[in-house]
Amino acid sequence: MEGVFASEIIWTTIFFRPFLKEGKLMERYYDSSWQRTMFCGQARLEDSGREAVLNGWLRCRRDLGGIIFIELWDKTGVTQVVFNPELNAEAHKRASSLRSEYVLAVKGTIRKRPEGTENPELATGSVELLVDDFIVLSPSKLIPFEIDNADSVNEDLRLKYRYLDLRRETMQKNLMTRHRVTRYTRNYFGDNGFMEIETPMLTKSTPEGARDYLVPSRVNPGKFYALPQSPQLFKQLLMVSGCDRYMQIVKCFRDEDLRADRQPEFTQIDVEMSFITEEDIMGITEKYLAGLFYEILGHKVETPFVRLTWKEAMDLYGSDKPDLRIPMQMTDIAPVFAGGENPFAGLAVKGGTIKGLRLPGGASLSRKELSDLENRAKALGAKGMANFLVKEGELKGPLVKFLDEDRISMLRSLTGIEDGDALFVMADESWRKACEILGQIRLELGRERGMVEESFRFLWVTEFPLFEWDEETERYTAVHHPFTAPMNEDLEYLLTEPGRVRSRAYDVVLNGNEIGGGSIRIHDPEMQQKAFQALNFTPEAAKERFGFLLEGLSFGTPPHGGIALGLDRLVMLICGCKSIRDVMAFPKNQKAQCPMTDAPSFVEKKQLDELSIKTVEPLI
RNA sequence: GGAGCUGUAGCUCAAUUCGGUUAGAGCGCUGGCCUGUCACGCCAGAGGUCGCGGGUUCAAGUCCCGUCAGCUCCGCCA
């Protein structure tokens, strides 16, 4: 790839010809004399009269024929640069061939702009750089999209030319915010006695949980490392080591389908502490988040955060990560239907779930809007969704005819429906299903009808179930992870009724986003064995997969626990972005590909041979 | 694996219910004019496989079927 390209010759000709003297190329390369003496966003009125050198990108060109203005950009801002033919005919002549995104070094004098030509929109708008001389450090091809307002540009294109996308002001700001967040984070935890310790990226595959990214080992043919889904086991073992307080800003890898808030590699603020209870972790996390939001946004967060048990969150909001910015809550209205003659009577008696969601002002919904809503509920798995409308004080809806006065007034007092409201009714044998579907409707209604208030609403969700029955594998799986401690109150059910056991896990939720989660861990190897037993691991399987942890726990383990915060989601919310891709420098698209590098890609057979790997299809 | 939205010039988008002349605009680009602009202005110009394939029709950017790509969501994500 070395050699002189035609284009280089052309550029040399265009830009260096004026400096050919006696047939010899003058030395116009970038040396210290061309290094910037100030940034492009820096010049102020008090700098006028100063000699200055600016380095940056040509962002905007205004060629008035006689006089040429350009804006020179770097990450700090822009300065207007003036080429005046009366003062420097040679530079003015060369400047007419400058184009967008050329990289320039410009020498001249900072001067006050002539009266009446100041630009108050610009931080540097009271001054400009009058050019003495300049060199083109690098020309630019025609750019594939405009950098100034690329917000609406096709994201695929943005990702392909990510380095151009990142030249945009909003992306620069996002990267800077992310940097400020990580810096604040390191300082905060450092100041509170936490030590940042790196853990391996090449580690052992743990089939529990998400799919692993595997890395073949050349020197151990047929064997694979896995990239860590999180440093979970290492940080626990660091507690065994006596490190006491650990934190790490660390990449994690999960090979699952992507979403706006999920990337195959993402960053966690990973935290673990010894000799603590839930209260310590929650307290230190709240203090961290409140301090962070104040530091970055100047926003005061109220502490302590609201706390809901998982059951309460599901009952009231139909979600384990409720968005408290939407004021609507769900109500249990089964008693209204129990014991009467109505379509839900049987369900109510059997202990099924009947939930109501009051929509203030919802009585004005059209028949079509109501049926669209019901169809959306059906698409989510509901059998149907009934409604009541309160019009002119009177209750209307398909179920009204089944309810007598007493039951109607019970419905009113339970749900608080008033004139002009709608009440949506979700009934199902499964409590969880009824809650989740109506909770989803709550979210959609809240967003569509502008009921989401502008604020940051933090909360803790606690007392998650420890295990969850998995129909597919016909066994219990860990809701959080298999090292989470059960609540002491529920210990007796660990082996008899695993589904009933609550865990000492907690999630921190912000505006409907799970931004972190953690737990108190099991620090007793016997208890850990029991947990594996409940998960239907044979002792051999447990030893094979997690033997090193069990052994570690057996050498004197402090009670410990921790939390992992999703840095990408946190920064996304702080920046007001809709996707974590907008706060990552080089993210993947929904197919986990990078349009810029074209990863993942095929590799040469030689590479595979060295790794003792055969692909099923002849891929190359 | 499933559902939805989108795909027209380099970029962002139009193209009228229920198909009808040569597919338009703004920005960008090229050339010309222009000495105080800052979304500079004015004039001229280049630029299109309407994602791709098939079908219906006298006629398809528009209707139908299939397919590809991007995004959003469900499943999945200890």
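Order of the sequence lines sets the chain letters (A, B, ...), proteins ahead of strands, with each chain counted from 1.
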Watson-Crick or G-U wobble mate for C77(B), both contacts under 3.5 Å: none
Starting from the C-alpha separation in whole Å, work towards a yes-or-no answer on ring pair (Phe, Tyr, Trp, His ring centres under 6.0 Å) for F83(A) and F69(A). CA-CA 6 Å; F83(A) 298 89; F69(A) 299 100; 9.4 Å; no
Would you classify L157(A) as touching base, sugar-phosphate or nothing, given that sugar-phosphate means primed atoms plus P, OP1 and OP2, and contacts are heavy atoms under 4.0 Å? sugar-phosphate
Rounded to whole angstrom, note down the C1' distance from G36(B) over to G28(B). 24 Å
With rounding to whole Å, what would you report as the distance between C63(B) and U17(B) at their P atoms? 12 Å
Between A9(B) and G53(B), how far apart are the P atoms? Round to whole Å, please. 16 Å
Does NZ or CZ of R162(A) lie under 6.0 Å from the centre of the six-membered ring of F586(A), at an angle within 45° of the ring axis? no
Inter-nucleotide P distance (A14(B), C5(B)), Å rounded: 16 Å
Take atom NZ of K93(A) as the centre, draw a 6.0 Å sphere, and report whether it contains more than 12 heavy atoms from other residues, nucleotides or ligands. no
Using whole Å, report how far CZ of F145(A) lies from C1' of C13(B). 18 Å
Going by heavy atoms in the side chains, are F39(A) and L54(A) under 4.5 Å from each other? no
Give me the distance, rounded to whole Å, that separates A23(B) from A60(B) when you measure between the P atoms they each carry. 14 Å
Please state the C1' separation for the pair G24(B) and G66(B) - nearest whole angstrom. 30 Å
What string of B, S and - do you get for nucleotides 68-76 of chain B, 5' to 3', if B is base contact, S is sugar-phosphate-only contact and - is no contact with any protein heavy atom under 4.0 Å? -SSBBSBBB
Are any side-chain N or O atoms of T199(A) and backbone N or O atoms of F234(A), one a donor and one an acceptor, separated by less than 3.5 Å? no
D598(A) side-chain N/O to P595(A) backbone N/O, donor-acceptor pair under 3.5 Å: no
Across every strand shown, the nucleotide meeting Watson-Crick or G-U wobble geometry with A44(B) (both distances under 3.5 Å) is U30(B)
Under 4.0 angstrom, heavy atoms only, what part of the nucleic acid is S230(A) near: base, sugar-phosphate, or nothing? base
Need the pair for C5(B). Rule: Watson-Crick or G-U wobble, both distances under 3.5 Å, any strand; none if unpaired. G70(B)
Sequence neighbours left out, what passes side chain to side chain contact (heavy atoms under 4.5 Å, CB included) with A564(A)? Give chain and number order. Q268(A), D270(A)
Could you run through nucleotides 34-45 of chain B and give me one letter per nucleotide, 5' to 3': B if any protein heavy atom sits under 4.0 Å from the base, S if only the sugar-phosphate is that close, - if neither? BBBBB-B-----
Opposite nucleotide pairing with C38(B), Watson-Crick or G-U, both atom distances under 3.5 Å: none
Regarding D428(A) and T353(A), do their side chains bring together a donor and an acceptor under 3.5 Å, going by distance alone? no
Pairing partner (Watson-Crick or G-U wobble, both distances under 3.5 angstrom) of U12(B): A25(B)
Checking R545(A) against F537(A): charged group under 6.0 Å from the ring centre and within 45 degrees of the axis? yes
Give me the distance, rounded to whole Å, that separates G51(B) from A69(B) when you measure between the C1' atoms they each carry. 8 Å
Just name whichever nucleotide pairs with G61(B), Watson-Crick or G-U, keeping both distances under 3.5 Å, else none. none
Does a nitrogen or oxygen in the side chain of R99(A) sit under 4.0 Å from OP1 or OP2 of U30(B)? yes
To the nearest Å, how far apart are E146(A) CD and C11(B) P? 11 Å
Rounding to an integer number of angstrom, what distance separates G4(B) and C77(B) when you compare their P atoms? 24 Å
Can you confirm whether E551(A) is buried at CD, in the sense that more than 12 heavy atoms of other residues, nucleotides or ligands lie under 6.0 Å from that atom? no
